Amino acid sequence: MPLLVAPALSAGSLGAQEQPHLPVRPGLALRPWCDEDAPAVRVAFDCPAIQRWHVRRLDDDEAREWTAQWVDRWPLHRLALEHSTANTASCRVATRAGFRAEGVLRGSVRHADGWHDMHLHALLATDSVSPR
């Protein structure tokens, strides 16, 4: 089926470029995952609060695979994130990082205690982000 709108970027145009490092506020930047992050990711997934919201845990090999998969997967115009409406800590992190709340996705993700509504936040390349 042909597209009626030209894509923002042609297919494969970002593949050869370095992923961006996006400063969010002083001392905080969004950057690509790297191999050195795998141990921290594994430790984070040992936390019961992380397991509650991500419904999984990772061993060392899975953490390395998880961080490695992101090398070829990166957005440029819009970054979006979702978290359970019951996960107030994630909401604070998203807001402090400059992600704007956009709405609620009802019954969107199933956690161990049932279906959760999810907050949707996004950060656009054109958004001005003030230090918080």
Side-chain angles (χ1 to χ4, degrees):
M1 179 181 307
L3 293 175
L4 299 177
V5 178
L9 299 169
S10 60
S13 65
L14 297 177
Q17 297 180 27
E18 184 178 335
Q19 292 188 24
H21 292 227
L22 306 171
V24 174
R25 61 185 175 115
L28 179 63
L30 299 174
R31 63 163 177 79
W33 291 104
C34 62
D35 290 339
E36 292 78 27
D37 295 325
V41 169
R42 193 208 47 78
V43 169
F45 272 82
D46 283 345
C47 172
I50 296 289
Q51 290 174 15
R52 171 170 163 67
W53 301 116
H54 289 273
V55 296
R56 66 175 304 168
R57 77 174 42 197
L58 301 174
D59 64 24
D60 290 334
D61 290 336
E62 290 170 321
R64 278 189 294 278
E65 290 172 14
W66 192 82
T67 56
Q69 74 166 328
W70 296 102
V71 171
D72 295 323
R73 299 174 63 187
W74 58 282
L76 186 60
H77 173 68
R78 174 185 169 86
L79 297 174
L81 66 84
E82 298 176 18
H83 65 80
S84 171
T85 56
N87 187 348
T88 56
S90 285
C91 197
R92 284 191 305 271
V93 169
T95 301
R96 287 182 181 161
F99 284 75
R100 297 180 186 177
E102 294 191 333
V104 175
L105 305 170
R106 298 179 308 124
S108 180
V109 173
R110 186 173 172 207
H111 288 284
D113 61 350
W115 289 97
H116 280 244
D117 292 349
M118 302 295 281
H119 275 158
L120 174 62
H121 296 258
L123 180 65
L124 301 180
T126 55
D127 287 343
S128 61
V129 179
S130 59
R132 296 179 191 220

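These numbers come from the heavy atoms of this one structure, side chains and all, not from hydrogens, waters or symmetry mates. Because the structure is a prediction, the values reported are computed rather than measured.
V109 and I50 are not part of a single hydrophobic cluster, where members link through side-chain heavy atoms under 4.5 Å apart. In the hydrophobic clustering of ILVMFWY residues, with side-chain heavy atoms under 4.5 Å counting as a link, L28 and F99 come out together.
Between M118 and L120, every side-chain heavy-atom pair lies at or beyond the 4.5 Å cut-off. Considering only heavy atoms from C-beta on, H119 stays 4.5 Å or farther from T95 through its side chain. Residues D113 and R52 meet the side-chain proximity criterion, which asks for heavy atoms closer than 4.5 Å.
Across every non-hydrogen atom of A38 and A63, the tightest pair is O-CB, 3.5 Å. For W115 against G107, the heavy-atom pair with the smallest separation is CE3-O, 3.4 Å. Closest heavy-atom contact between L81 and A94: CD1-CB, 3.8 Å. Taking each heavy atom of G114 and H116 in turn, the nearest pair found is O-CD2, 3.2 Å. Shown here for W66 and V41, the closest heavy-atom pair between the two residues is CE3-CG1, 3.9 Å. Between T67 and W33, the shortest heavy-atom contact is O-CB, 3.7 Å.
Side-chain polar atoms of H83 and S90 form no donor-acceptor pair below 3.5 angstrom.
Distance check, rounded to the nearest 0.5 Å: OG of S84 to CG of D117 gives 7.5 Å. Note that the NE2 atom of H121 and the CD atom of E102 stand 9.0 Å from one another [nearest 0.5 Å]. How far CG of D127 is from CZ of R78: 9.5 Å, rounded to the nearest 0.5 Å. Summarising the geometry, atom CZ belonging to R64 is positioned 8.5 Å from atom CG belonging to D35; distances are rounded to the nearest 0.5 Å.
Salt bridge D46/R42: present, at least one basic N to carboxylate O contact under 4.0 Å.
Side-chain atoms of Q51 come within 3.5 Å of backbone atoms of F45 as a donor-acceptor pair (strictly under, hydrogens ignored).
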